[in-house]
Amino acid sequence: MALYSEKVMDHFRSPRNVGVIENADGVGEVGNAKCGDIMKIYLKIEDDTIKDVKFETFGCGSAIASSSMATELIKGKPVSEALALTNKAVAEALDGLPPIKMHCSVLAEEAIKAALKDYYDRNGIPYDAADFPAEPSCAHCETGE
Ligand code: FES
């Protein structure tokens, strides 16, 4: 079996939603201290819905494919659904990632959460701190999960 699924290769070669949103309502940036990869997510939010989302990822192919798929999964969805997106859902939508690359999908989940937290903070919207990692960095990499 090929190491990477067709979907991973497709989203790596032709990533969706690459770029920057000027005047974004929320911006989240997370980095993986170990591999040095960085992911930045921009959200445009209207009526509690993700109207637009863009990303910039300086990282490995799996991180790029994960960012691309994650943006596709939350675009047009309610904020609550974006908040509930897990790295596992991203990896499943990509038809799987090799185990040693699962942490790359974690960056996508954390970057979206960081952008949503930024949106909440900017607008004074109360939120449950438990929904957000205390330190959005790839601690998962330390455990290899
Ligand atoms: Fe760094 Fe994939 S190896 S995010």
Side-chain angles (χ1 to χ4, degrees), residues 1-45 49-123 125 127-145:
M1 199 188 96
L3 190 55
Y4 293 107
S5 72
E6 277 300 316
K7 275 194 191 161
V8 172
M9 293 310 294
D10 177 34
H11 279 263
F12 167 58
R13 290 199 187 104
S14 320
R16 283 52 149 190
N17 308 309
V18 175
V20 175
I21 298 178
E22 303 294 343
N23 307 316
D25 297 305
V27 179
E29 181 174 327
V30 293
N32 176 329
K34 251 191 171 171
C35 63
D37 292 353
I38 297 170
M39 192 180 291
K40 198 165 179 178
I41 294 270
Y42 301 83
L43 298 174
K44 196 80 204 154
I45 298 173
T49 301
I50 311 292
K51 286 285 175 204
D52 199 11
V53 48
K54 295 237 183 287
F55 79 89
E56 292 176 303
T57 292
F58 304 94
C60 73
S62 298
I64 290 168
S66 294
S67 326
S68 172
M69 180 54 87
T71 57
E72 287 284 272
L73 289 172
I74 66 166
K75 204 174 189 176
K77 298 281 167 54
V79 167
S80 58
E81 271 188 48
L83 187 60
L85 183 74
T86 63
N87 78 297
K88 283 205 173 78
V90 173
E92 273 167 25
L94 287 168
D95 289 339
L97 283 168
I100 58 160
K101 287 289 178 181
M102 277 305 282
H103 72 268
C104 314
S105 62
V106 171
L107 274 188
E109 177 188 329
E110 291 187 343
I112 289 171
K113 286 203 164 82
L116 287 170
K117 185 168 182 294
D118 182 43
Y119 164 70
Y120 288 150
D121 285 341
R122 287 188 199 195
N123 291 283
I125 300 170
Y127 53 82
D128 186 349
D131 282 337
F132 300 96
E135 211 172 90
S137 72
C138 195
H140 309 258
C141 300
E142 309 297 329
T143 59
E145 282 170 13

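Order of appearance sets the numbers: ligands from 1, and atoms from 1 within every ligand.
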Side chain to side chain contact (heavy atoms under 4.5 Å, CB included) between Asp118 and Ile41, intermediate numbers included: CA-CA 11 Å; Asp118 182 43; Ile41 294 270; over 6 Å; no

Any donor-acceptor pair under 3.5 Å from Asp25 side chain to Ile45 backbone: yes

CZ/Arg13: more than 12 non-hydrogen atoms of other groups inside 6.0 Å: no

Gap separating the CG atom of Leu73 from the CG atom of Leu85, nearest 0.5 angstrom: 5.5 Å

Residue-atom pairs from the protein, N, O or S only, that lie under 2.8 Å from atom 1 (Fe) of ligand 1: Cys35 SG, Asp37 OD2

Ring geometry between Phe132 and Tyr127 (parallel below 30°, tilted from 30 to 60°, perpendicular above 60°): perpendicular

CZ/Phe12: more than 12 non-hydrogen atoms of other groups inside 6.0 Å: no

Atoms in ligand 1 with a heavy atom of Lys101 nearer than 4.0 Å: 3 (S)

